[in-house]
Amino acid sequence: MNSVSVSDANRNFSALPKSYEPEKTEARRRAFWEEQRLFTPDLGKSAEAGTFSIVIPPPNITGNLHMGHALNLTLQDILCRRRRQLGEQVLWVPGADHAGIATQNVVERRLEKEGISRHDLGREAFVERIRQWKDEYGDNIRRQIKAMGASVDWSRERFTLDEGLSRAVRKVFVRLYHEGLIYKGTYIVNWCSRCRTALADDEVEHRPLKGALYLVRYPLEDGSGHILVATTRPETMLGDTALAVHPEDGRHLGLIGKKARLPLLDRLLPIIADPYVDREFGTGVLKVTPAHDPDDWHLGHKHGLEFIRIMDEDGDINDKGGVYRGLSMEKARETVVADLREGGFLKEVRPYEHNVGHCYRCSSVIEPLLSEQWFVAVKSLAEKARAAVPEQTRIFPSSWLKTYYNWLDNIRDWCISRQIWWGHRIPAWTCDACGEQTVREETPQHCPKCSGSSLTQDPDVLDTWFSSALWPFSALGWPDKTPELERFYPTSILVTGFDILFFWVARMMMMGLHFMGEAPFRRCYLHALVRDAQGKKMSKSRGNVIDPLEMTARYGTDSLRFTLASFAAMGRDIRLSEERIEGCRHFMNKIWNAARFALMNAEGLSESPCPDGVRGLHHRWILYRLEELKKLQHAALDEYRFNDAAQGLYRFVWNDLCDWYLELIKTDLRGEERPVAQAVLFAVLRETLVLLHPFIPFITSEIWDALPGRDAVRDIALTPFPAPRDVAAYAGDAGRMELLQGAVTAVRTIRAELNIPPAHKAAALIRPLTPEAHALFEDRRQVLMSLAGLDKLETDPAVEAPKASARSVSCGNEIIVPLAGLVDFAVEAARLDKELAKLDKERAALAAKLANPAFVEKAPAEIVERDRARVTELGEAEVKLRVFREIFSA
RNA sequence: GGGCAGUUAGCUCAGUUGGUGGAGCAUCGCCUUCACACGGCGGGGGCCACAGGUUCAAGUCCUGUACUGCCCACCA
């Protein structure tokens, strides 16, 4: 350590303003971190202290950082910074996601404003346009991640659509294809007409919608009447190819095998029987539309029905819809219903609420549609993903386990082809000559079957989540055998929101296990959603969005980070309010001023570290409390109890360090005790800063660099997390501090309640319970007097108290404040009554408990003993107070 | 229709293995005390949703009820 000169300390102090000003320090701090490349692990170094790695959940390039990101980044950063301080090799990989549909939509909307569509531009120009857009706005995300103070390694930044990741995607696709796990087929898929693409099942959001149940008459072919059908989607009748009833439904037995006439189009429909039909629903007759409903699709195959697709890719009725051709599905419904009514086919319209699928990207209604798409056969992959939890990967909080299992158990094949242009192009080619399909990593020059040289690549791109699923290993360099992959896979933990458990987490598990043979992360921490103060989801339309960058600008990044960490109780949503952030800013200011106080008193600080075996009671107490804090930090952070860790820091700094310790040493600093007090003060401050640093990196760095005598070359970010100190011997002193605190508080309470002005230096008498307490009060009389605002203090077991005194009992010690006409007796009597009532209530409850033989018999001896001691203590205090009370009523 | 959370001070929330309930903000009183008024000191405020059960002892474990929120689900 360097020695400290006075001028250093003075200069540092004068550099610190009275309040912490984050806006003046954060930019400089960020620049420094980046220049120093502090967060780039040195792979040349051995990793004996351990390794720790996280891949960032890559934010969409379209997006602005929202509170969810802020929380996500904060939690990861806390973990990473702490591990770095523990001496481990830490790699946190940053990056962004190309977000196929979302990004394409954003850019398309921009083009719309210019009056052009992507089709006007053509595929290549359009993709180029998005790339430009990405280059322009991608930096936005980067800047925002930096703003949060995230200690990521920018030298290893990745993008889900960069060249390396494209190679990974192609390799994965080809391998799965050859393993038979990727196939192409024609099935009912979820179709978003606005995005003009198919979607996976989990990309569809089901929302209740008020619609209607239409009862439609289908005339029987033989003219013997009609059959009544219930449907919520009358427009799809244009694609009906059968009617179905339950084979044991007595009402319709005679109809099976007959034919009905489709109203409006006049097509003949066979009436079939299938146990799938629910007799209870509607009329018990189901209209079958095999090309537009997943269940009807099954029926269609089972019964060999015709598949008539009536909708085109824009969501309009096609040629098959006769006169309805060209109408949107919505418009078609209106028209069909009107025509049915006019033709006398519509019997009834009942209001009916049911769930309707919506696109998770644009909220349009999803149409089930028969379409040829690529799929991943996920069953075997899902089984592996299921089996790996919790053995290989532990999920926190464990309440998500069931949800995870349940989803994997009921998973259906994953539709991965998207009819958009922005994304990883599917590496499949069709020979123009012979129609042979080739799936290869590199563009084939010739058809392997007919040697034709004219091949057309599949126009579709892959679901964004397909490339996201590879992120933990692709971001580390796979398929190359990189040192990063070698050292950091599997990653230590994945930190993400529970909302993408299925989209992302489960799929990473599948792909990681399949291609790397190991789960992609050892742990998975699913954090909550950030909501507004009323518990509502933040959204632009609601107007309740709290913008993280606005908050950091107003209160400082550390304030926001600390707020989020304090709220991050496992398994519960976060209700964020600006007031809370403001409260945390006060905490930052408190820390700042504690440091200022230390620096103001740094003059003459010897550079010796905190001496072992310091003697002062309060020193031993604060060191003891500090050790308890360290233990808490380890325990809490090892279990991701961020809120507990944050709260522990808050309490230690504010209640222990500032409220008591700094006040206690003020007298020391003016006298002979100064060197010891300084040494302990700075030792405690340094370690506290290191403990705080993972949560609030900016302010702690700023203070750290202002401290005298620090290791000049070492940044706080690389300063070892403080090792525990053996303070077992201090435990007794820590306990004795309570006597002191109790006495001080007792005098203060008397003064406050009797309205003795602070300016009035009172005198106090203490009648100690034991000789030890007596010695203690004598030993610390200076401090006691200054904290309680006394000008005179007498401690004596036999002290005679004047009648006109206010009295209290603390830990058995009698605290007496002679009043000498300062206050009237009635006020003091009332105060004593209140205190007595409080004691009495507690004592009565305990006494009742102890009177119960079952308790005394069955409860652990130490509990009984503790309660007995407490009851005795309360009894004694009560007796004393009662005596005082007598005096006043006499 | 299944599954999962939640119901604790006026508000927003903590409460590890069961041992007489805490914080922030708000509120009331006093204080411009030489780190901090983004402060200090002191106070008030809670049948821990409801009903049972287990236990010597339940905010904490079990069962049920009532609300609230979320997720999943092909009944037209």
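Within every chain, numbering begins at 1; the chains are lettered A, B, ... in the order of the sequence lines, protein sequences first and strands thereafter. All figures in this text were calculated on a predicted structure; none of them were measured in a lab.
Nearest nucleotide to the side chain of A:T745, out of B:rC74, B:rC38, B:rG42: B:rG42. Closest contact between the side chain of A:K838 and the listed nucleotides B:rA76, B:rG44, B:rA35 involves B:rG44. Set against B:rG24, B:rG43, B:rC75, the side chain of A:R580 has B:rG24 as its closest nucleotide. Residue A:A854 has its side chain nearest to B:rC56 when only B:rU20, B:rC56, B:rA14 are considered. Of the candidates B:rC56, B:rA35, B:rG42, the closest approach to any side-chain atom of A:M600 belongs to B:rA35. Ranking B:rC36, B:rA5, B:rG42 by closeness to the A:E663 side chain, first place goes to B:rC36. When each of B:rA5, B:rA76, B:rC36 is scored by its nearest atom to the side-chain atoms of A:L286, the top-ranked nucleotide is B:rA76. When distances run from any side-chain atom of A:A859 to the nucleotides B:rC38, B:rG19, B:rA5, the shortest one goes to B:rG19. Here B:rU20 is the nucleotide among B:rG15, B:rU20, B:rA76 with the atom lying nearest to any side-chain atom of A:E842. Nearest to the side-chain atoms of A:F567 among the listed nucleotides B:rA35, B:rU12, B:rG39 stands B:rU12.
Here A:P860 lies in heavy-atom contact (under 4.0 Å) with a base. The residue A:L501 sits apart from the nucleic acid: no heavy atom pair falls under 4.0 Å. Among the protein residues, A:K18 comes within range of the sugar-phosphate backbone only, with heavy atoms under 4.0 Å from sugar or phosphate atoms but none that close to a base. Among the atoms of the strands shown, only primed sugar atoms or phosphate atoms (P, OP1, OP2) are found under 4.0 Å from some heavy atom of A:W654. A:R233 comes within 4.0 angstrom of no nucleic acid atom, judged by non-hydrogen atoms across all strands. Across all strands shown, A:Y352 has heavy atoms under 4.0 Å from sugar-phosphate atoms exclusively, and none from any base. A:L529 comes within 4.0 angstrom of nothing in the nucleic acid, heavy atoms only. Across all strands, A:V864 comes closer than 4.0 Å to no nucleic acid atom at all (heavy-atom distances). Counting any heavy atom pair closer than 4.0 Å across all strands shown, A:C584 reaches no nucleic acid atom. The residue A:R748 sits close only to the backbone: its heavy atoms come under 4.0 Å of sugar-phosphate atoms, none of a base. Heavy atoms of A:N852 sit under 4.0 angstrom from primed sugar atoms or phosphate atoms, though from no base atom. The residue A:E857 sits apart from the nucleic acid: no heavy atom pair falls under 4.0 Å. Backbone-only contact: A:R866 has heavy atoms under 4.0 Å from sugar-phosphate atoms and none from a base. The residue A:F502 sits close only to the backbone: its heavy atoms come under 4.0 Å of sugar-phosphate atoms, none of a base.
Phosphate contact (OP1/OP2 of B:rA35, side-chain N/O of A:K666, threshold under 4.0 Å): present. Dashed line: the shortest gap from a side-chain N or O of A:H206 to OP1 or OP2 of B:rC72 is not under 4.0 Å. Listed pair A:K402 / B:rC4 meets the phosphate criterion, a side-chain N or O lying under 4.0 Å from OP1 or OP2.
For the pair A:F695/A:L692, no side-chain contact is recorded, criterion being any heavy-atom separation below 4.5 Å from C-beta on. The shortest distance between side-chain heavy atoms of A:I863 and A:R866 falls below 4.5 Å. Counting heavy atoms from C-beta on, the side chains of A:V204 and A:Y360 never come closer than 4.5 Å. Counting heavy atoms from C-beta on, the side chains of A:L685 and A:F597 never come closer than 4.5 Å. Side chains of A:N601 and A:R674 form a contact here, defined as non-hydrogen atoms less than 4.5 Å apart.
Atom pair A:E235:CD and B:rA76:P shows a separation of 14 Å (rounding to whole Å applied). Between the CZ atom of A:R585 and the C1' atom of B:rC36 there is a distance of 13 Å, given to the nearest Å. With rounding to whole Å, A:H354 atom NE2 is found 16 Å from B:rA73 atom C1'. To the nearest angstrom, C1' of B:rA76 lies 13 Å from CG of A:D274. Atom-to-atom, CD of A:E353 to P of B:rC75 comes out at 14 Å; the value is rounded to the nearest Å. Put simply, CG on A:N410 is 13 Å from C1' on B:rC71, counting in whole angstrom units. Between the P atom of B:rG6 and the CZ atom of A:F498 lies a distance of 13 Å, rounded to the nearest Å.
The partner of B:rU16, taking Watson-Crick or G-U wobble pairs whose two distances both stay under 3.5 Å, does not exist in any strand shown. Under the Watson-Crick or G-U wobble criterion, with both distances below 3.5 Å, B:rA76 is left unpaired in every strand shown. Remark: B:rU27 base-pairs with B:rG43; criterion is Watson-Crick or G-U wobble with both hydrogen-bond distances under 3.5 Å. For B:rA9, there is no paired nucleotide, since no Watson-Crick or G-U wobble pair has both relevant distances below 3.5 Å. As the counterpart of B:rA35, no nucleotide is assigned, since no Watson-Crick or G-U wobble pattern has both distances under 3.5 Å. Nucleotide B:rA49 forms a Watson-Crick or G-U wobble pair with B:rU65, both donor-acceptor distances falling under 3.5 Å.
If you find the closest nucleotide of RNA chain B to A:Y20 and to A:D659, the one lying nearer the 5' end belongs to A:Y20. Place A:A230 and A:E582 on RNA chain B by their nearest nucleotides, and A:E582 ends up nearer the 5' end.
One P atom belongs to B:rG44, the other to B:rA35, and the distance between them is 30 Å to the nearest Å. For the P atoms, the distance from B:rA66 to B:rA9 is 23 Å, rounded to whole Å. Atom C1' of B:rC47 sits at a distance of 27 Å from the matching atom of B:rG69, rounded to the whole Å. One P atom belongs to B:rC75, the other to B:rC48, and the distance between them is 42 Å to the nearest Å. Rounded to whole Å, the separation between the P atoms of B:rC41 and B:rG24 comes to 11 Å. Between the P atoms of B:rU7 and B:rA73, the separation comes to 28 Å (whole Å). Here the separation of B:rA37 from B:rC61, taken at their P atoms, is 44 Å to the nearest Å. Using P as the reference atom, B:rA49 and B:rG59 are 10 Å apart when rounded to the nearest Å.
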Tell me, with the steps shown, if A:I591 and A:I696 meet side chain to side chain contact (heavy atoms under 4.5 Å, CB included).
CA-CA 11 Å; A:I591 295 168; A:I696 47 174; 3.6 Å; yes
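Closest approach of A:R831 to A:R807, counting heavy atoms only: NH2-O, 2.8 Å.
A donor and an acceptor atom, one from each side chain of A:Y214 and A:E348, are nowhere located under 3.5 Å apart. A:S566 and A:N643 are not linked by any side-chain donor-acceptor pair at a separation below 3.5 angstrom, with hydrogens and angles left out of the test.
A donor and an acceptor atom never sit less than 3.5 Å apart when one is taken from the side chain of A:E280 and the other from the base of B:rA76.
For residues 838-851 of chain A, every residue pair satisfying the salt bridge (Lys or Arg N to Asp or Glu O under 4.0 Å) rule, not counting sequence neighbours, is listed here: A:D840-A:R843, A:E842-A:R870, A:R843-A:E878, A:K849-A:D867.
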